[in-house]
Every structure is written in C-alpha cells, then in structure tokens.
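Just below is one structure, and these are the notes that go with it.
Numbering of residues begins at 1 and proceeds along the displayed sequence.
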Amino acid sequence: MEPQPLRTRTPLAYRGVITTVRPLLARLTRQEWSGGEHLPHSGGFIVAGNHISEIDPFMVAHFLVNHGWAPRFLAKSGLFDVPVVGTALRQLGQVPVYRGTRQASESLKDAAAAVRQGDCVVIMPEGTLTREPGLWPMRAKSGVGRLALMTGAPVIPIAQWGVQNLLAPYARRPTGLFSRHVMHVKAGPAVDLSDLAGRTDSAAATEATARIMKALTVLLAEIRGEEPPGEPFVWDGKTRP
C-alpha cells in the first residue's frame, strides 16, 4: 500500500527514523497486512499487540506509520537508562514503564495524556515476550484495561506473526536476514468495552484486559489458521520455555 501522510505532529527525530528504517524494513521483509480500515482516522487511540520477538515494535510501527500514525510505545524504564538508546527513546517521545515501583501509575498517566492529545499509544499487554510454548498470547497484566478505562479511547487489537522467523524469542542475532520473511500484521475492530465505561475498579480493568486479549488471540488464530488454546497460558514470572 502507498504510505499515508502522518496524522499527528511528530518530532523531527522520529521523522528521521521513519525515513531511514521504513525503506529498510520494506526491502528486508514482505508484508501481508490487513485490517487497516479499523484504525481511527482522527483522535487518540490505544493499540494492543502480541509480543513474540524483541523486534515486534518495528513491525507494528511499520504497519501503523504506513497507515498515517506514528505510534508511541510503552517501553521498559530500564531501556531509558541505556546510553544512546535512552536518549533516542526520549527524543522519539516513547513512554517509560516503571514496573514494580511507586512510579508505575505515572506510566499510565503519561500514556493517558498522550492518548488524550490525539496520539496512538501502543502497549504489549503481556509485559514481556510470551512464554506460551506455541507462542500464543498469555494472560496479560491489567495495565491495558486500566488505560482503556482511564481514557475511554478505542482499543484496536493488532496481531502479528512471522517476526519470530527473523529474530526468534530470546535470540541475540537475526536469522535469514535476507530471506524476506513474510510479516503478517492484522488489525481488528475496536474492542467493545462500552458496558464498563466510567468504571475504574480492578475488576473492570481485569475484565477489559481479558476482552482485549481474547480479541487479539482470535486475530492471531486467523493469521495462523490454527486453533488457539482454550485458556490463556499463565506464566509464573520465572520459568522460561
């Protein structure tokens, strides 16, 4: 598809990254994209994506940028402390996530502010690479549900598959870099959370999160042409596959 003009004001550094990285991704991979019609044409919204490889954000961002949205990602706070990387993330307007600290709630406040000012904010609700043996989405943290209820903004599930062939989970080096692996990215309609509107309690956030992850899993099943597990995998926070 022909890239669409960006719908929001975007930092010059971000535009520079787009100009450099987008042509590279287009040459190194093949794109099978669908569901772009579900993305809002204006106004802030939330994207929930599955997480199977460290380079997932590049593939999701490629899809969104080509549809006119320069996304802001919630990224682990530790990355902002890495020399060069941290500076780049700040210049690109990304949002740090402080897990397990008193600052954790501030991350959602910053993300909510970005949504309210009309940005596209991307969150990987699982918070880490999936530990589900078949690479299906696992049970997520409730942050995405809380963010959705805080803002009342549309939540668009975006499933992607194929990136693991380029960089496998936990791998440090890509494989088949010049094999032009197919990157499947599919957006679905906004998740219906209308009956939860106005609620901010933990039960509502948990329910909203479950619905979002269900929609994401259904999309991934459509891409893969496979039946997902009956219940989401629950990770103990320690064990790796």
Nearest-0.5 Å distance, [atom1] of residue [X] to [atom2] of residue [Y]:
X: Leu219; Y: His38; atom1: CG; atom2: NE2; value: 8.0 Å
X: Ile158; Y: Leu216; atom1: CD1; atom2: CG; value: 9.5 Å
X: Thr130; Y: Leu220; atom1: OG1; atom2: CG; value: 9.5 Å
X: Leu166; Y: Met183; atom1: CG; atom2: CE; value: 5.0 Å
X: Leu24; Y: Arg27; atom1: CG; atom2: CZ; value: 7.5 Å
X: Glu132; Y: Glu126; atom1: CD; atom2: CD; value: 9.5 Å

Has [X] got a side-chain atom pairing as donor or acceptor with [Y]'s backbone, closer than 3.5 angstrom?
X: Arg116; Y: Gly44; value: no
X: Arg131; Y: Leu129; value: yes
X: Arg72; Y: Ala114; value: no
X: Arg180; Y: Leu28; value: no
X: Thr151; Y: Ala153; value: yes
X: Thr175; Y: Asn165; value: yes
X: Tyr14; Y: Pro71; value: yes

Practice prompt. Start with the C-alpha gap between Val47 and Val121, add the side-chain angles, then the distance that decides, and say whether side-chain contact (heavy atoms from CB on, under 4.5 Å) holds.
Written response: CA-CA 6 Å; Val47 165; Val121 172; over 6 Å; no

Worksheet item: Any luck finding a side-chain donor-acceptor pair between Asn66 and Gln4 under 3.5 Å?
Response: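 Looking only at side-chain atoms, Gln4 and Asn66 do not form any donor-acceptor pair under 3.5 Å.
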
Discussion item. Is it true that Thr29 and Gln31 share a donor-acceptor pair across their side chains at a distance under 3.5 Å?
Written reply: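 Per modelled atom types, Gln31 and Thr29 side chains form a pair under 3.5 Å.
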
Spell out, yes or no, whether [X] and [Y] are grouped together once hydrophobic residues are joined by side-chain heavy atoms under 4.5 Å, including indirect joins.
X: Val218; Y: Ile223; answer: no
X: Val185; Y: Val182; answer: no
X: Met213; Y: Met138; answer: no

Please examine the side chains of [Y] and [X], heavy atoms only from C-beta on, and report whether any two atoms are closer than 4.5 Å.
X: Trp235; Y: Thr128; result: yes
X: Arg146; Y: Leu108; result: yes
X: Asp56; Y: Met124; result: yes
X: Leu74; Y: Val122; result: no
X: Asn50; Y: Ile52; result: yes
X: Val191; Y: Pro157; result: yes
X: Glu226; Y: Trp136; result: yes
X: Gln160; Y: Val60; result: yes

Worksheet item: Within a reach of under 6.0 Å around CD of Glu231, are more than 12 heavy atoms found that belong to other residues, nucleotides or ligands?
Response: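 Count not over threshold, so no.
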
Search all heavy atoms of [X] against all heavy atoms of [Y] and return the closest pair with its distance.
X: Glu207; Y: Leu196; answer: CG-CD1, 4.0 Å
X: Ala48; Y: Pro125; answer: CB-CG, 3.9 Å
X: Ala70; Y: Val65; answer: CA-CG2, 4.2 Å
X: Pro174; Y: Leu167; answer: N-CD1, 3.7 Å
X: Leu64; Y: Cys120; answer: CD1-SG, 4.0 Å
X: Lys141; Y: Thr209; answer: O-CG2, 3.3 Å

Worksheet item: With under 30° as parallel and over 60° as perpendicular, where do the rings of Trp69 and Phe45 fit, or are they tilted in between?
Response: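 Rings of Trp69 and Phe45: perpendicular, over 60°.
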
Practice prompt. Please assess Ile156 against Leu39 for the test side-chain contact (heavy atoms from CB on, under 4.5 Å), listing each intermediate value before the final yes or no.
Written response: CA-CA 7 Å; Ile156 307 298; Leu39 300 177; 4.0 Å; yes

Worksheet item: Do His62 and Phe58 make the cut of ring centroids closer than 6.0 angstrom?
Response: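 For His62 and Phe58, the ring centres are not under 6.0 Å apart.
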
Worksheet item: Can the ring centres of Trp33 and His184 be said to be less than 6.0 Å apart?
Response: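 Ring centres of His184 and Trp33 not closer than 6.0 Å.
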
Item to complete: I would like to know whether Thr200 and Met150 meet side-chain contact (heavy atoms from CB on, under 4.5 Å); could you show each step before the answer?
Response: CA-CA 7 Å; Thr200 56; Met150 286 170 66; 5.8 Å; no

Fill in: Arg139/Phe233 under side-chain contact (heavy atoms from CB on, under 4.5 Å): CA gap, chis, key distance, verdict
CA-CA 6 Å; Arg139 183 180 295 177; Phe233 179 79; over 6 Å; no

Fill in: Of all pairs that satisfy salt bridge (Lys or Arg N to Asp or Glu O under 4.0 Å), the ones with a partner from residues 186-205, not counting sequence neighbours
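Applying salt bridge (Lys or Arg N to Asp or Glu O under 4.0 Å) to every pair that reaches into residues 186-205, excluding sequence neighbours, yields Lys186-Glu222, Asp195-Arg211, Arg199-Asp201.
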
